[in-house]
Amino acid sequence: MILEMKVPSPGESITEVEIAAWLVEDGDYVEKDQAIAEVDSDKATLELPAEMSGIITLKAEEGDAVEVGAVVCLIDTSAAKPEGGDTPKAEKKEDAPKADAPKAPVAETKTYATGSASPAAKKILAEKGMDAHSISGTGKDGRITKEDAVKAVPSMGTPAGGSRGSSRSKMSMLRRKVAERLVEVKNTTAMLTTFNEVDMSPIFELRKAYKETFKGKHGVSLGFMSFFTLAVVRALKMYPAVNSMIDGKEMLSYDFCDISIAVSGPKGLMVPVIRNAEHLGFRGVESEVKRLALRARDGQITVDEMTGGTFTITNGGVFGSMLSTPIINPPQSGILGMHNIIERPVAIDGKVEIRPIMYVALSYDHRIIDGKESVGFLVAVKEALENPIELLMDNDVKKALEL
């Protein structure tokens, strides 16, 4: 029996996927539920499992864009499993060797004795350490003129040796979709960014005092993300317009906080969602962040886990960013950018002290969020981070950390 394997729908509104990689080769024997391919949609990379055991015949090439429901391979379920024990694993296909790029024709050059250069040309060439034998003169009888010498001297912007190659590769469907969405955001929203700075000393002290105990009790680290997520949830309740989005001619506001967190994965930036973050404490947020980050890093994140979200937090600080203007994750109306923490001199009670400072940025859609609300929101985040025991822990650290 020949089984036609069709592309399943990865999620609502997705009509096309791209064959990112075949994990088996044409003619291999595959087992039922064995991962045979990786497919890219405009939201995530998913594995395609074999529906039955048998000999596989591939009907699409890597890089092909295929519609949902299209046949991508055939499985001969009547074929017997090859003898020899384990199912053979197809070796990874090696890229075909690239042909050497055609070399640009080198113009034939005539050589002249040093004496065939004018005195002015000789001086210029001597100052620059250049050999007259490598220069073609344009003067009478091939004489090297001053202008020839000047032109022959490489300027600061002229390449002088080294590789000048280039390569071209097809963008993945996920990257193409991200590019389209970023351009759409810039063209369809009135995006502005406001900035502030946060003294991270109180959080540093809490983590120093309770980090090991917290990890020993809950199995996850007490990181910065839980503080920022809970500070954002508090600020969203104070400024509900930031937890809203435009739907046609209406403003859609939410009474829950689904916080999207930007995570770097093997296929690029992923933005999984922490659902109902308003009901989570420090342990709950850290556990969910770890779970989603691992799934994104292992390529196991699903479309459902990245769908929705009412507000986004992105942390460019892990890559060393000091300050940035994050782009809104549509259709959301706001995104908070975290950055690296640097010890800076600040004035405290009339004295200069060195404190760990982080710059934070809020990009927002000015169509529904006014300047007063955006600034107030970011100030509320700053206040909670600089006074976490009172504003995020209700003055009971151990209870808040469930210790």
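For the numbers below, each heavy atom of this structure counts, side chains included, while hydrogens, waters and symmetry mates do not. Residue numbers run from 1 in the order of the sequence given.
- Using cut-offs of 30° and 60° for the angle between ring planes, the Phe282 and Phe227 rings count as perpendicular.
- Taking CD1 of Ile335 as the reference point, atom OG1 of Thr314 lies at 5.5 Å (rounded to 0.5 Å).
- Considering only heavy atoms from C-beta on, Arg181 comes within 4.5 Å of Pro330 through its side chain.
- Taking the side chain as every heavy atom from C-beta outward, Met5 and Ile75 approach each other to under 4.5 Å.
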Exercise for the section: Determine, step by step, whether Ile36 and Cys73 satisfy the side chain to side chain contact (heavy atoms under 4.5 Å, CB included) criterion, reporting the C-alpha distance in whole Å, the side-chain angles of both residues, the deciding distance to 0.1 Å, and the verdict. Expected result: CA-CA 10 Å; Ile36 60 174; Cys73 66; 3.9 Å; yes
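- Judged by distance alone, the side chain of Thr77 and the main-chain N or O of Met1 form a donor-acceptor pair under 3.5 Å.
- The two residues Val285 and Met225 make their nearest non-hydrogen contact at CG1-O, 4.3 Å.
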Handout entry: Derivation of the side chain to side chain contact (heavy atoms under 4.5 Å, CB included) call for Leu236 and Tyr254
Key = CA-CA 10 Å; Leu236 288 175; Tyr254 299 95; over 6 Å; no
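- Looking at Thr57 and Ile2, their side chains never come closer than 4.5 Å, going by heavy atoms from C-beta outward.
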Exercise for the section: Quick one: do Val24 and Tyr29 satisfy side chain to side chain contact (heavy atoms under 4.5 Å, CB included)? Show the steps, please. Expected result: CA-CA 9 Å; Val24 297; Tyr29 185 88; over 6 Å; no
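- Using modelled atom types, one side-chain atom of Asn340 and one backbone atom of Gly320 make a donor-acceptor pair closer than 3.5 Å.
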Exercise for the section: Take Phe256 and Asn243 through the test side chain to side chain contact (heavy atoms under 4.5 Å, CB included) and record every step on the way to the result. Expected result: CA-CA 8 Å; Phe256 57 88; Asn243 201 38; over 6 Å; no
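- A heavy-atom distance below 4.5 Å is found between the side chains of Leu48 and Val72.
- Heavy atoms from other residues, nucleotides or ligands lying under 6.0 Å from CD of Glu4 number 12 at most.
- Residues Leu292 and Val273 come closest through the heavy atom pair CD1-O, 3.6 Å.
- With rounding to the nearest 0.5 Å, the separation of CE in Met251 from CZ in Arg367 is 11.5 Å.
- At least one cation-pi condition fails for Arg355 and Phe204: the charged atom is not both under 6.0 angstrom from the six-membered ring centre and inside a 45 degree cone around its axis.
- Ring centroid separation for the pair Tyr239 and Tyr364 does not come in under the 6.0 Å cut-off.
- Within the 4.5 Å cutoff, side-chain heavy atoms of Phe195 are placed close to those of Thr325.
- The shortest non-hydrogen separation linking Pro202 to Asp199 is CD-O, 3.4 Å.
- Under 3.5 Å, the side chains of Asp304 and Thr302 contain no donor-acceptor pair of N or O atoms.
- A donor-acceptor contact shorter than 3.5 Å links the side chain of His339 to the backbone of Tyr359.
- You'll find the side chain of Phe228 stays beyond 4.5 Å of the side chain of Asn315, heavy atoms only.
- With Gln332 contributing its side chain and Thr312 its backbone, the two residues share a donor-acceptor pair below 3.5 Å.
- Side-chain contact between Ile313 and Ser260: absent, with no pair of heavy atoms (C-beta onward) separated by less than 4.5 Å.
- Side chain of Asp33 to main chain of Pro49: no donor-acceptor pair is present (N/O by atom type, distance under 3.5 Å, no hydrogens or angles).
- For Asn387 (side chain) and Glu383 (main-chain N/O), no donor-acceptor pair under 3.5 Å exists by modelled atom type.
- Ile369 and Ala241 make their closest contact through CG1-O, 3.7 Å (heavy atoms, listed as atom of the first residue, atom of the second, distance).
- Judged as a side-chain hydrogen bond (donor to acceptor under 3.5 Å, both in side chains), the pairs with a partner in residues 212-235 (not counting sequence neighbours) are, in order, Ser226-Glu286.
- Note that the CD1 atom of Ile274 and the OG atom of Ser287 stand 10.5 Å from one another [nearest 0.5 Å].
- A salt bridge between Glu288 and Arg275 is absent, with no side-chain N of the basic residue lying under 4.0 Å from a carboxylate O of the acidic one.
- Of the charged side-chain nitrogens involved, at least one lies within less than 4.0 Å of a carboxylate oxygen, so that Arg295 and Glu305 count as a salt-bridged pair.
- A donor-acceptor pair under 3.5 Å is absent between the side-chain atoms of Asp365 and the main chain of Met191, judged by distance alone.
- Side-chain N or O atoms of Arg207 include one that pairs as donor or acceptor with a backbone N or O of Leu222 at under 3.5 Å.
- Checked options Ile246, Val242, Leu252; the residue passing with Ile368 is Ile246 (criterion: side-chain contact (heavy atoms from CB on, under 4.5 Å)).
- For the atom pair CD1 of Ile261 and CG of Leu336, the computed distance is 13.0 Å after rounding to the nearest 0.5 Å.
- Remark: Ile357 CD1 to Ser201 OG distance equals 6.5 Å, nearest 0.5 Å.
- Judged by distance alone, with hydrogens and angles left aside, the side-chain atoms of Ser333 form a donor-acceptor pair with the main-chain N or O of Ser244 at under 3.5 Å.
- The shortest heavy-atom contact between Ala231 and Leu385 is CB-CD2, 4.0 Å.
- Side-chain atoms of Glu278 never come within 3.5 Å of backbone atoms of Val233 as a donor-acceptor pair (strictly under, hydrogens ignored).
- Side-chain contact between Ser53 and Glu31 is present, with at least one heavy-atom pair separated by less than 4.5 Å.
- Of all the heavy atoms in Phe377 and Leu362, the pair that sits closest is CD2-CD2, 3.7 Å.
- Separation of atoms CE (Met393) and NZ (Lys399) is listed at 13.5 Å; rounding is to 0.5 Å.
- Within a 6.0 Å sphere centred on NZ of Lys6, heavy atoms belonging to other residues, nucleotides or ligands number 12 at most.
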